[in-house]
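Structure first, commentary second.
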Amino acid sequence: MTASVGIVFLAALVTAIATGLGALPFLFIKQMSRRWLGVSNGIAAGLMLGASHALIAEGSAIHASWTVAGLVIGALLVAVSSCLLQVRSDLHVGELRGAGASKAALIVAVMTLHSMAEGIGVGVSFGGDEKLATFVTGAIAIHNIAEGLAISLVLIPQGVRVWKSAAWSIFSSMPQPLFAVPAFMFVAAFEPVLPFGLGFAAGAMIWVAVGELLSDAFKDAPHSNVATSVVLGLVAMMTFQILVKS
Ligand SMILES: [Zn+2]
C-alpha cells in the first residue's frame with residue numbers, strides 16, 4: 001500500500017468535482033427529455049455495479065467470508081439509515097430550492113448517505129492495490145457526471161444558472177472526500193479489516209445503485225431502455241478495468 005491520506009483526499013475531491021461536469025451539457029442545450037435522465041441514471045447504476053463487482057473480487061481474493069460479512073453489514077446499514085430517514089425516492093437536490101428547512105435537511109441527509117457510501121468505496125479501495133483504487137475512483141467519478149446531469153435536469157428548467165447548478169452538483173458529492181479519508185485510514189491502520197471494508201463499500205454501493213439510481217431510472221424511461229443502459233454501464237466499467245489492469 002503506497003497511498004497517503006493526501007492522495008486519497010485528492011482522489012475523492014476529484015470525483016466530487018466531476019459531479020459538476022454533469023451541468024455542462026446545459027450550456028449548449030436548454031432542454032432534455034426525462035427519458036435521457038432515466039438512461040443516464042441506468043448507466044450510472046451499471047457503473048456502480050461494475051465498481052462493486054471489482055471491490056468484491058478484490059476482497060474475496062483476500063478473505064471471502066469477511067468480504068461477504070462486510071457486504072451484508074454495509075447494505076444493512078444503508079438500508080436501515082434510509083428507513084430512518086424515511087427516504088422518499090423522489091427526493092432530489094433540485095427540490096432544495098424553495099424547500100422548507102426540515103425538507104431541505106432531509107434532502108441533504110439522503111444525499112450525504114448516498115455520497116458517503118461512494119466516499120467509503122474510494123477510501124477503502126486505496127487500501128487495496130493501486131489499480132483497484134484507480135478503477136473505483138474512475139467509476140465513481142464518471143457515475144457522478146451522470147448524477148450531476150440528473151441534478152441539473154431538475155434545476156435548469158427552474159431557471160437556475162448552469163454554474164450554480166454545477167455548484168449544487170459538486171456540493172451534493174462533498175461527503176465523498178470527507179468519508180474517503182477516515183475509511184482509508186481505518187483499513188490502513190487495521191489491515192486485516194480490508195476484505196471486510198471492501199465488502200462493506202460494495203454492499204453500500206449496490207444498495208444505492210438499486211435503491212436509488214435504478215428506482216429513479218425506471219420512473220423516467222421504459223424498462224428496456226433502462227436495462228440496456230445498465231448493461232452498457234457495466235460493460236463500460238469492465239472494459240475500463242481490463243485497460244487499467246493490462
Ligand atoms: Zn452516486
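In listed order, ligands and their atoms are each counted from 1. Start at 1 with the first residue, then count along the sequence.
- Inspection of the Asn41 and Glu212 side chains reveals no N or O donor paired with an N or O acceptor under 3.5 Å.
- Centred on the Zn ion (ligand 1), the angle running from His114 (NE2) to His143 (NE2) is recorded as 170°, rounding to 10°.
- The Zn ion (ligand 1) has no N, O or S atom of Glu212 under 2.8 Å away, backbone or side chain.
- Under the rule for a side-chain hydrogen bond (donor to acceptor under 3.5 Å, both in side chains), Ser52 has no partner lying at least two apart in sequence or in another chain.
- Restricting Glu147 to its N/O/S atoms, the shortest distance to the Zn ion (ligand 1) is reached by OE2.
- Residues satisfying the side-chain hydrogen bond (donor to acceptor under 3.5 Å, both in side chains) criterion with Asp220, sequence neighbours excluded, are Arg34.
- Looking only at its N/O/S atoms, Glu118 has OE2 as the one nearest to the Zn ion (ligand 1).
- Thr19 and Ser169 share no side-chain donor-acceptor pair at under 3.5 Å.
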